[in-house]
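To start, the structure under review is shown below, and the notes come after it.
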Amino acid sequence: MGSFFSPKRLRRWSRVSGVAALALCASTSLFADFSRLSQLQGKGFSISAEARLLDADADTNTLLGSLNPERQLSPASVTKAYLAAAALNRFGPQHRFTSQLVSSGSIENGVLRGDLVFEGGGDPGLTTENLWRLVQRLHLAGVREVDGALVVSQWRFGPVDCITTDRCEALTRVANAYSAPLSSAGVNFGSWCVNVAPAATAGEPARAGMCDSQTTLITIDNQVVTRPANSGTEISAERITDERGDVMRLTGQISTNATARDVYRGAGDAADETAQVLMGMLNQAGIQVREPWRVSSTQPPSTAQRLAAVDSQPLQEIVLRIMNYSNNYMADVLALDLVETPQAQLRQAGQAIESYVQSLPSHGPLTLYSGSGLTTENRTSAQGVNVMLEDMFRQSALFPSFVAAFQSPANGVMRFIRRGSATFQNNVMLKTGTLNQPFAVRAAAGYFRTAQGRWGVFSVMVNGNGSTPYLSWSEVLDPLSLDLDAMILAN
C-alpha cells in the first residue's frame with residue numbers, strides 16, 4: 001500500500017489490482033464498522049467510538065462506524081490533541097515563549113547593583129542549554145558580580161497544586177520523571193538528570209555525576225556497583241527530598257563494558273531546581289552572586305530592565321514533542337500558558353481549553369482538569385474529538401503543524417503502535433492515551449486516508465472500571481486496526 005500522503009500510489013495500486021481490488025472492497029465493506037472493537041463491551045469495558053469521512057461539504061460527511069459516539073469517557077493523553085489545537089489557534093505555529101534575566105539595578109564597573117531576576121516565560125521545553133545562553137549573554141552585557149541575590153520568579157504560575165496521586169506523592173519521593181512539578185520557571189522538564197558510568201575495575205562503585213553540570217547540584221547517594229564485563233546492567237533510581245534537599249538514590253549494578261546511562265527523575269520543586277542550575281552556571285562563568293538565591297511568585301517591577309533573553313522553539317516544534325512523546329510536563333505547562341491571569345492552576349488550564357472547544361459547533365460536553373490527560377476526571381466523547389479533528393483539518397494555515405504531531409504506526413516513536421496490516425500502518429496517523437489507575441483507559445484518535453485518497457477522522461475511547469481486568473494495548477489496537485483497515489479499503 002502507499003504511504004499516508006500518497007493517494008496517487010493508492011489509486012495506481014487500485015488500477016493494477018483491477019477486479020481483485022473491487023472484490024476485496026466489496027467483501028470488506030460489509031464489515032466496515034467497529035464490530036471487532038465492540039467485542040470488548042462483553043468484557044465489561046465502556047466504549048465510545050466514531051469514524052467518518054471528511055467531504056468537501058462538512059454537511060455531507062459519511063459516517064463509517066460508531067459505538068455510543070456521544071458517551072462521555074476519559075480520553076487520557078488524547079487530551080493532548082485538544083491542547084495542541086487550542087494552543088495553535090491561540091498563539092499560532094511560530095509563537096515562541098521568552099525567558100529572561102532582568103534587574104532594577106544598574107551595572108557599575110561590572111557590578112550589578114541589585115537582584116538578578118530570572119523571569120520564567122512558561123517555556124515548556126526550557127533546557128540547560130537555554131540557561132547557559134542566558135548566562136553567556138549576561139556575561140557579554142558586562143556583568144561580573146551581582147550585589148544582591150538570584151531571584152527565580154514564577155509569577156505566571158507556580159508552585160502549581162498537585163491534583164493527582166502521582167504528583168502529590170512526588171513532592172517527597174519519586175521513581176519517575178513524568179510526575180515532575182510544574183512551574184513557569186522550570187527547566188529540563190522539572191527533572192534532575194544523573195549520569196552513571198562503570199568504574200575501570202569490577203567491584204568498585206560506579207561513577208556518578210550530574211548530566212550537564214560540573215558542580216554537584218544535589219546529593220547523589222550512589223550505591224551502584226561495577227561488575228565484570230557482560231554481567232548486565234540494572235539501575236534503579238529514586239529522588240528523595242529530606243533535610244539535605246533533593247537526593248538521588250541509585251542502586252544496582254553496571255558492567256565494566258557498559259555505556260554510561262542517563263537517569264531522569266522529577267525534582268522536588270521545579271523553581272528551586274532552576275535556581276540551583278542557574279547558580280552553578282553563574283559560578284562557572286565567573287559571575288559572583290553575593291546573597292543566597294530565592295524563589296518568588298511576584299512579578300518583577302515595571303522598572304526592571306532586560307539584561308539577557310532566550311526564546312523557546314516555535315510552538316509547532318513544542319506541539320510535536322508533546323504529542324509524539326506524550327510529555328506530560330510539557331503538556332501541562334503549555335496548558336497553563338493558555339491562562340491569562342497570574343498564578344494559574346491546572347483546572348483553569350483545562351477551562352481555557354474548554355473555552356476554545358465552545359466555539360466548535362456540535363462538539364457537545366467537555367470537561368478537562370489538565371492538558372496532559374493524567375487526570376482521570378477528564379471527559380469527552382468520540383463524536384466531540386472528531387468535531388475538533390475536523391475543525392483543524394479545515395484550517396489550512398494550522399493543519400500542517402497539527403497533523404505533523406500525530407504518529408504513523410509504521411514510523412512513530414511509540415513502538416507498541418507498530419502493528420496491524422500495511423494498510424493500517426501507512427494510512428493512519430494517531431495519538432494514543434493510556435491510564436492504568438484508578439481504572440484502565442486505552443484511547444486513540446486521528447486521521448486516515450482511504451484507498452481512494454479521501455480523508456477521514458476516527459476516535460476511540462475504551463474505559464474500564466474497578467472490576468474490569470487489565471487491558472493491554474494489543475486487545476484494543478488489534479481489533480481497531482482491522483476495523484480501520486476495512487473502512488480504508490472500502491472507501
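This structure is a prediction, so every number in the text was calculated from the model and none was measured.
Between the side chains of S184 and W155, no donor N or O sits under 3.5 Å from an acceptor N or O. Q437 and D166 are not linked by any side-chain donor-acceptor pair at a separation below 3.5 angstrom, with hydrogens and angles left out of the test. At a cut-off of 3.5 Å, with distance as the only test, no side-chain donor of Q276 or D246 sits close to an acceptor on the other residue. No side-chain donor-acceptor contact under 3.5 Å links N463 and S46. Counting only N and O atoms by type, the side chains of N176 and S179 include a donor and acceptor under 3.5 Å apart. Inspection of the D212 and T128 side chains reveals an N or O donor paired with an N or O acceptor under 3.5 Å. No hydrogens or angles considered: nothing links the side chains of S459 and E50 as a donor-acceptor pair under 3.5 Å. The closest side-chain donor-acceptor pair between S326 and S77 falls under 3.5 angstrom. Side-chain N/O atoms of N89 and Q395 include a donor and acceptor closer than 3.5 Å.
Judged by the 6.0 Å distance and 45° axis criteria, R321 is not positioned over the aromatic ring of F189.
Between the side chain of R418 and the backbone N or O of G412, at least one donor-acceptor pair lies under 3.5 Å. Side chain of R71 to main chain of S381: no donor-acceptor pair is present (N/O by atom type, distance under 3.5 Å, no hydrogens or angles). A donor-acceptor pair is defined here as one N or O able to donate and one able to accept, closer than 3.5 Å; no such pair exists between the side chain of T375 and the backbone of N378. No donor-acceptor pair under 3.5 Å is formed between the side chain of D391 and the backbone N or O of V387. Of the possible donor and acceptor atoms, one in the side chain of N130 sits under 3.5 Å from a partner among the backbone N and O of T127. Looking at E238, its side chain never comes within 3.5 Å of a backbone N or O of M248 through a donor-acceptor pair. With hydrogens and angles disregarded, a donor-acceptor distance shorter than 3.5 Å links the side chain of R442 to the backbone of L435. For N324 (side chain) and A405 (main-chain N/O), a donor-acceptor pair under 3.5 Å exists by modelled atom type. A donor-acceptor pair is defined here as one N or O able to donate and one able to accept, closer than 3.5 Å; no such pair exists between the side chain of Q383 and the backbone of E70. Remark: side-chain polar atoms of N327 are paired, donor with acceptor, to backbone N or O of M330 under 3.5 angstrom.
Applying the 6.0 Å contact sphere to CD of E234 captures no more than 12 heavy atoms from other residues, nucleotides or ligands. A 6.0 Å sphere centred on CZ of R379 holds more than 12 heavy atoms belonging to other residues, nucleotides or ligands. For R415, the CZ atom counts as loosely surrounded, since its 6.0 Å shell holds 12 or fewer non-hydrogen atoms of other residues, nucleotides or ligands. Under a cut-off of 6.0 angstrom, the local environment of OH in Y325 is sparse, with at most 12 non-hydrogen atoms contributed by other residues, nucleotides or ligands.
Here the CZ atom belonging to F458 is positioned 10.5 Å from the CE atom belonging to M429, to the nearest 0.5 angstrom. Between the OG atom in S183 and the CZ atom in F157 there is a gap of 7.0 Å [rounded to 0.5 Å]. Distance check, rounded to the nearest 0.5 Å: CD1 of I318 to CE of M323 gives 14.5 Å. A distance of 10.0 Å separates OG of S355 from CG of L338, quoted to the nearest 0.5 Å. Note that CD1 of I353 is 7.5 Å distant from OG1 of T79, once rounded to the nearest 0.5 Å. Put simply, CD on Q343 and CZ on R156 are 11.5 Å apart, with the number rounded to the nearest 0.5 Å.
With a 4.5 Å cut-off on side-chain heavy atoms, V117 and L101 do not count as touching. Side-chain atoms of L64 and D33, non-hydrogen and from C-beta on, never get closer than 4.5 Å to each other. Within the 4.5 Å cutoff, no side-chain heavy atoms of V357 are placed close to those of M388. Between T450 and L53, some side-chain heavy-atom pair lies under the 4.5 Å cut-off. Here the side chains of I417 and L477 are in contact, with some heavy-atom distance below 4.5 Å. When side chains are defined from C-beta on, L430 counts as touching P409, because their heavy atoms get closer than 4.5 Å. By the 4.5 Å heavy-atom criterion applied to side chains, N61 and E390 are counted as neighbours.
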Residue pair D55, R454: steps toward the salt bridge (charged side-chain N to carboxylate O under 4.0 Å, His left out) verdict: CA-CA 8 Å; D55 296 323; R454 302 171 70 182; 2.7 Å; yes
Test log, rule salt bridge (charged side-chain N to carboxylate O under 4.0 Å, His left out), inputs E475 and K43: CA-CA 11 Å; E475 292 178 275; K43 298 181 179 181; 3.6 Å; yes
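Legend: residues meeting salt bridge (charged side-chain N to carboxylate O under 4.0 Å, His left out) with E169, ordered by chain and number and at least two apart, are absent. For the salt bridge (charged side-chain N to carboxylate O under 4.0 Å, His left out) test, no residue two or more places apart in sequence or in another chain qualifies with R265.
Paired with D332 under the rule salt bridge (charged side-chain N to carboxylate O under 4.0 Å, His left out), one option of R167, K80, R347 passes, and it is R167.
Between A85 and F402, the shortest heavy-atom distance links the atoms N-CE1, 3.8 Å.
In summary, the aromatic rings of W192 and Y264 are positioned with their centroids too far apart to meet the 6.0 Å limit. In summary, the aromatic rings of F406 and Y447 are positioned with their centroids under 6.0 Å apart.
The ring pair (Phe, Tyr, Trp, His ring centres under 6.0 Å) analysis of residues 45-99, with sequence neighbours excluded, yields the pairs Y82-H363, F91-H95, F91-F97, H95-F97.
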